[in-house]
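Below is one structure, written out as structure tokens; the observations come after it.
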Amino acid sequence: MKQPMIEFEGERATTYDERYQKMAPLKDCLHLLADQVFASLPEEARVLVVAAGTGAELLYLAERHPEWIFTAVEPSKTMMSICREKCAQAGVGERVEFHNGYLQDLPQSQAYHGATSFLVSHFLLEADERRAFFREIARRLHPGGPLVNADLTHLEGDHQNVMALWLQTMTHSGHTLEQLQEYEANLKRAVSLVSDAEMKALLVDAGFQAPTRFLQTALISAWSAQRV
Ligand SMILES: C[S@@+](CC[C@H](N)C(=O)[O-])C[C@H]1O[C@@H](n2cnc3c(N)ncnc32)[C@H](O)[C@@H]1O
């Protein structure tokens, strides 16, 4: 798998939480509903958190499910070290295996009961790469195991208006004009926005069934699907 064009290192990593703090309510919806998608997981579930970043979804789930154990997959050293520190502070670090690298290099041991991949697959520009990414997740799940995926998406007829709203929200959250221009340039060169139908087809091709788009918060859409 090729490296994404955007690296989450240096300032991009150390300021990540602060930069998006005002937009956190959008993620709160995602966390709440992802947890409900996982309602049928066993009490001692193993959960794979792909692109764990600074640990937002992992911490949300770990604090609510004291028996669950997690594998956090994250290629950025800086994001992973912030994640590790926050997990330690929250007292959940001992239930997390930290894999500082890519998913394809994570040894396949026991299967996982559920998986998340939030705000990462849109960095895989080629459909083949993106399919391969979801396949790597599918291979590691129990049959029937749910995946919750969230990405920036293409909203077809509504896209232009929602994009304007999205950029307005970024301004509200404190992005300067210069940062906004950089963000827009990155969206064009390093992010692939696919439609709902394209995402569902990708998930099915990668070995998932019943892909369901259960949430849209401005430009972010979220899907659940079960491993076949
Ligand atoms: C926008 S952040 C999202 C972090 C977290 N999931 C969240 O919602 O806050 C994207 C993360 O994906 C990581 N990443 C980039 N390419 C990846 C890949 N191929 N596999 C796993 N993680 C990747 C980046 O290092 C970064 O931490």
Side-chain angles (χ1 to χ4, degrees), residues 1-35 47-62 70-87 90 96-106 112 114-140 147-153 166 170 173 175 179 182-183 186-187 189-193 202 206 215 217-223:
M1 188 183 290
K2 276 190 281 175
Q3 301 248 341
M5 288 165 88
I6 297 182
E7 273 222 318
F8 283 78
E9 291 291 0
E11 212 190 325
R12 188 186 297 284
T14 54
T15 62
Y16 180 78
D17 284 344
E18 187 194 322
R19 252 182 309 137
Y20 293 102
Q21 198 182 6
K22 281 200 179 159
M23 290 166 82
L26 303 183
K27 272 199 196 161
D28 292 345
C29 299
L30 175 60
H31 296 163
L32 172 79
L33 293 176
D35 192 25
V47 177
L48 178 64
V49 181
V50 184
T54 56
E57 55 271 29
L58 195 164
L59 285 161
Y60 183 91
L61 294 172
F70 298 86
T71 299
V73 176
E74 173 51 57
S76 154
K77 281 197 169 55
T78 315
M79 295 292 264
M80 178 123 277
S81 88
I82 297 170
C83 178
R84 205 187 276 270
E85 203 179 307
K86 287 169 78 174
C87 286
V96 185
E97 176 198 354
F98 297 94
H99 175 71
N100 190 199
Y102 289 94
L103 185 57
Q104 70 265 29
D105 304 320
L106 177 73
Y112 293 92
T116 61
S117 54
F118 291 179
L119 303 176
V120 61
S121 98
H122 53 222
F123 294 123
L124 303 171
L125 300 184
E126 305 294 332
D128 282 352
E129 274 184 287
R130 206 158 171 171
R131 207 173 290 111
F133 170 84
F134 288 125
R135 263 192 204 126
E136 289 289 338
I137 298 179
R139 282 173 52 195
R140 289 169 171 81
L147 164 69
V148 180
N149 178 68
D151 276 311
L152 296 177
T153 41
W166 184 247
M170 307 235 3
S173 78
H175 284 66
Q179 285 170 331
E182 190 197 339
Y183 181 84
N186 281 339
L187 268 186
R189 76 179 177 99
V191 176
S192 168
L193 304 178
L202 271 172
L215 179 70
T217 48
L219 210 58
I220 299 175
S221 293
W223 293 263

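Since the structure is predicted, the reported quantities are computational estimates derived from the model, not experimental observations. Just follow the structure's listing: the first ligand is 1, and inside any ligand the first atom is 1.
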(message) Taking a cutoff of less than 4.0 Å between a non-hydrogen atom of the residue and any ligand atom, is Tyr16 in contact with ligand 1?
(response) yes
(message) Counting only heavy atoms closer than 4.0 Å, does ligand 1 sit against the backbone of Glu74, its side chain, both, or neither?
(response) side chain
(message) Can you confirm whether or not the ring centre of Tyr20 sits under 6.0 Å from the ring centre of His175?
(response) yes
(request) Using distance alone, decide if ligand 1 has a nitrogen or oxygen within less than 3.5 Å of any nitrogen or oxygen in Glu57. (result) yes
(request) Would you mind listing which atoms of ligand 1 come within a distance below 4.0 Å of any non-hydrogen atom of Ser76? (result) 25 (O)
(request) Examine the proximity of ligand 1 to Phe8 and report which part, side chain or backbone, both or neither, has a heavy atom under 4.0 Å away. (result) side chain
(message) Would Ala51 count as a polar contact of ligand 1, with the cut-off being nitrogen or oxygen pairs under 3.5 Å?
(response) yes
(request) Using the side chain to side chain contact (heavy atoms under 4.5 Å, CB included) rule, pick out the option among Leu48, Val120, Thr71 that qualifies with Leu103. (result) Leu48
(message) If I take atom CD from residue Glu182 and atom CD from residue Gln179, how far apart are they, to the nearest 0.5 angstrom?
(response) 7.5 Å
(request) Could you tell me whether Glu85 atom CD has more than 12 heavy atoms of other residues or ligands within 6.0 Å of it? (result) no
(request) Give the numbers and elements of all ligand 1 atoms closer than 4.0 Å to a heavy atom of Val120. (result) 12 (O), 14 (N), 15 (C), 16 (N), 17 (C), 18 (C), 22 (N), 23 (C)
(request) Examine ligand 1 and decide if any of its atoms is less than 4.0 Å from a heavy atom belonging to Lys27. (result) yes
(message) Is any side-chain heavy atom of Glu57 closer than 4.5 Å to one of Lys27?
(response) no
(message) Once you measure the plane-to-plane angle for Phe8 and Tyr16, does it fall in the parallel (<30°), tilted (30-60°) or perpendicular (>60°) bin?
(response) perpendicular
(message) I need the atoms of ligand 1 closer than 4.0 Å to a non-hydrogen atom of Met79, numbered in the order shown.
(response) 27 (O)
(request) Can you see which heavy atom on Leu58 is nearest to which on Ala72, and at what distance? (result) CD1-CB, 3.6 Å
